[in-house]
Amino acid sequence: MTYQSTLLRLLDERGYIHQLTDATGLDALAARQVVPAYIGFDATAPSLHVGSLVQIMMLRRLQQAGHKPIVVMGGGTTKVGDPSGKDESRKLLTGAVIKANIASIRRIFERLLTFGDGPTDAVMVDNGDWLDALGYVELLREVGPHFTINRMLTFDSVRLRLDREQPLTFLEFNYMILQAYDFRELSRRAGCRLQMGGSDQWGNIVNGIELARRCDGAELYGLTTPLLTTADGAKMGKTAAGAVWLNEDALPAYDFWQYWRNCDDRDVGRFLRLFTDLPLAEIARLEALEGQDINRAKIALADAVTTLCRGEDAARAAAATAAATFDAGGLGADLPVLALPASGMSIVDALVGIGFAASRGEAKRLVAGGGARIDGEAVGDEAFHIAADRGERRISAGKKRHGVLRPA
């Protein structure tokens, strides 16, 4: 459909929209008033990773279109754990750890959103403020009658776990009720009218809309983004060496920059629309490049995303390191560094230690496949020993990941 509101036009042309509960109603609402909207983030680690960036960027688009972002940190729901897409229960975290994680995660939102007291300024709230105060029997009596076990069993977060014959705890089974409660509570507290999230959250979002309608007669809306994977089908934000974290203390800027620089040619245009503020006309020009020229688009992508998430200085340093490493064949200043003990180290331990492999088994496979190099020379023996008496050495995994082994 042709949208009338700046918000839905912006989200649509950038590729964020997958499902809408009531496109016509939300479009009309967004065209006539400021719409407070929220996305929830559980604090299971000190940093979010790239898999969460599309949701953060959607809040940024919301603010760019003149509406109010509400960042909901799951101080309460993190204690339960979202079963969506998981084969096993999350590790239960203490309240102190969750609080520290929220404080750490806040930094990425402060880079991408404008916080304050104005009508379109972003706010961050903790759902523990209301969920922690709930009495169990009170919640059962107030909310329980609006949920049926029959319907809850049909939601993907539950059904897929059961289909794979993986256990689903009663604690996790309650997660969808708590998320629905969040939406109703935010409607009451902050006039929130819209919840956004990934496509795996569709059922939870609809639950919240229905709960608020039944309890308060409120008219709320839901919007989900497409399931985000790379062109080769891999989960967004995951690499062989682990998660691509957003916070600079969780992943060096160079590695973050390289993740975007190394994306598949087929992903460049889509990622430019989702993860940068570059004008659509410029994106169209960049994604039309062919052959080796497409690398210019990838560098533009890496520069733009790194600038947004890490700052201009970090992006500039990462780009300079890449140029020194790849173009000049040297050792860029921003490459990851692993201290080499006086006794030296095996190639397998070095690959794991510098983060190019997640395990010794993976490192051995990398060596066996010819992907491990020292100073540009392939190493085919997993027992290869790297001596410490030759000064700095360059270690590589494939053609695109490079690091420095530096005598301690």
Side-chain angles (χ1 to χ4, degrees), residues 1-3 5-20 49-65 108 111-112 196 198-199 223-240 244 246 251 253-312 314-323 325-327 398-401:
M1 63 177 289
T2 301
Y3 297 113
S5 65
T6 301
L7 173 63
L8 291 190
R9 285 202 307 270
L10 176 60
L11 294 179
D12 184 46
E13 65 191 12
R14 290 268 175 177
Y16 292 95
I17 298 177
H18 176 55
Q19 292 170 297
L20 282 163
H49 60 67
V50 163
S52 297
L53 187 56
V54 69
Q55 309 303 329
I56 303 173
M57 289 299 294
M58 192 153 57
L59 289 172
R60 181 177 175 88
R61 304 298 184 215
L62 182 88
Q63 192 166 52
Q64 289 172 339
I108 187 64
R111 283 193 180 276
L112 293 167
M196 303 184 293
S199 58
L223 186 158
T224 62
T225 57
L227 176 65
L228 195 61
T229 59
T230 58
D232 59 4
K235 190 172 183 180
M236 188 73 187
K238 298 287 186 180
T239 67
V244 182
L246 297 178
L251 184 75
Y254 173 76
D255 291 334
F256 185 80
W257 189 92
Q258 277 292 115
Y259 173 77
W260 302 100
R261 168 63 181 81
N262 293 339
C263 76
D264 191 293
D265 293 1
R266 296 166 291 176
D267 287 326
V268 174
R270 182 165 57 112
F271 286 0
L272 283 166
R273 280 185 285 274
L274 290 171
F275 301 116
T276 81
D277 288 339
L278 291 177
L280 291 175
E282 174 65 4
I283 292 173
R285 184 189 69 80
L286 288 169
E287 70 176 331
L289 297 174
E290 297 179 350
Q292 290 297 314
D293 288 342
I294 194 65
N295 289 326
R296 299 208 306 269
K298 294 182 181 183
I299 291 172
L301 171 66
D303 286 345
V305 182
T306 306
T307 298
L308 280 175
C309 295
R310 302 296 186 83
E312 189 174 348
R316 188 181 299 113
T321 293
T325 303
F326 294 102
D327 299 340
K399 296 179 179 180
K400 298 178 179 179
R401 287 184 292 168

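Every heavy atom of this structure was used, including side-chain atoms; hydrogens, water molecules and symmetry mates were not. All figures in this text were calculated on a predicted structure; none of them were measured in a lab.
Inter-residue side-chain proximity for Arg61 and Asp277 is flagged as met; some heavy-atom pair is nearer than 4.5 Å. Looking at heavy atoms from C-beta onward, Val50 lies in side-chain contact with Trp260 at the 4.5 angstrom threshold. Residues Leu223 and Leu8 are in side-chain contact: their nearest non-hydrogen atoms beyond the backbone lie under 4.5 Å apart. Between Val268 and Leu289 the shortest side-chain heavy-atom distance does not fall below 4.5 Å. Residues Glu13 and Tyr3 fail the side-chain proximity criterion, which asks for heavy atoms closer than 4.5 Å. Considering only heavy atoms from C-beta on, Thr225 stays 4.5 Å or farther from Met196 through its side chain. Residues Cys309 and Leu53 form a side-chain contact, since some pair of their non-hydrogen atoms from C-beta on lies under 4.5 Å apart. Taking the side chain as every heavy atom from C-beta outward, Ile299 and Trp257 approach each other to under 4.5 Å.
Here the OG atom belonging to Ser5 is positioned 8.0 Å from the CG atom belonging to Leu11, to the nearest 0.5 angstrom. Taking CD1 of Ile294 as the reference point, atom CG of Asp265 lies at 5.5 Å (rounded to 0.5 Å). Atom OG1 of Thr306 is separated from atom OH of Tyr259 by 12.0 Å, given to the nearest 0.5 angstrom. Atom CG of residue Leu228 and atom CZ of residue Phe271 lie 6.0 Å apart, to the nearest 0.5 angstrom. In this structure, Asn295 CG and Leu301 CG are separated by 12.0 Å, a value rounded to the nearest 0.5 Å. Considering CD1 of Ile17 and OG1 of Thr224, their distance stands at 9.5 Å, rounded to 0.5 Å.
Salt-bridge check for Asp267 with Arg270: passed, with a basic side-chain N closer than 4.0 Å to an acidic carboxylate O. Look at Asp264 and Lys298 and you find no salt bridge, because none of the NZ, NE, NH1 or NH2 atoms lies under 4.0 Å from a carboxylate O. Contact check on Glu312 versus Arg316 returns a salt bridge, with a Lys/Arg side-chain nitrogen under 4.0 Å from an Asp/Glu carboxylate oxygen.
Both the sub-6.0 Å distance and the 45° axial angle are satisfied by Arg310 relative to the ring of Phe256.
Within the 3.5 Å criterion, the main-chain N or O of Leu274 finds no donor-acceptor partner in the side chain of Arg14.
For the residue pair Arg261 and Gln258, no side-chain donor N or O sits within less than 3.5 Å of a side-chain acceptor on the partner.
Contact detail for Leu286 and Ala300: the closest heavy-atom pair is CD1-CB, 4.0 Å. The two atoms that bring Thr307 and Ala315 nearest to each other are OG1-CB, 3.3 Å, heavy atoms only. Contact detail for Tyr16 and Met57: the closest heavy-atom pair is OH-CB, 3.6 Å. Across Ser199 and Pro226, no two heavy atoms sit closer than the pair OG-C, 4.2 Å.
The only member of Met58, Gln64, Gln63 that meets side chain to side chain contact (heavy atoms under 4.5 Å, CB included) when paired with Arg60 is Gln64.
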Derivation and outcome, side chain to side chain contact (heavy atoms under 4.5 Å, CB included), residues Thr230 and Met236: CA-CA 6 Å; Thr230 58; Met236 188 73 187; 4.2 Å; yes
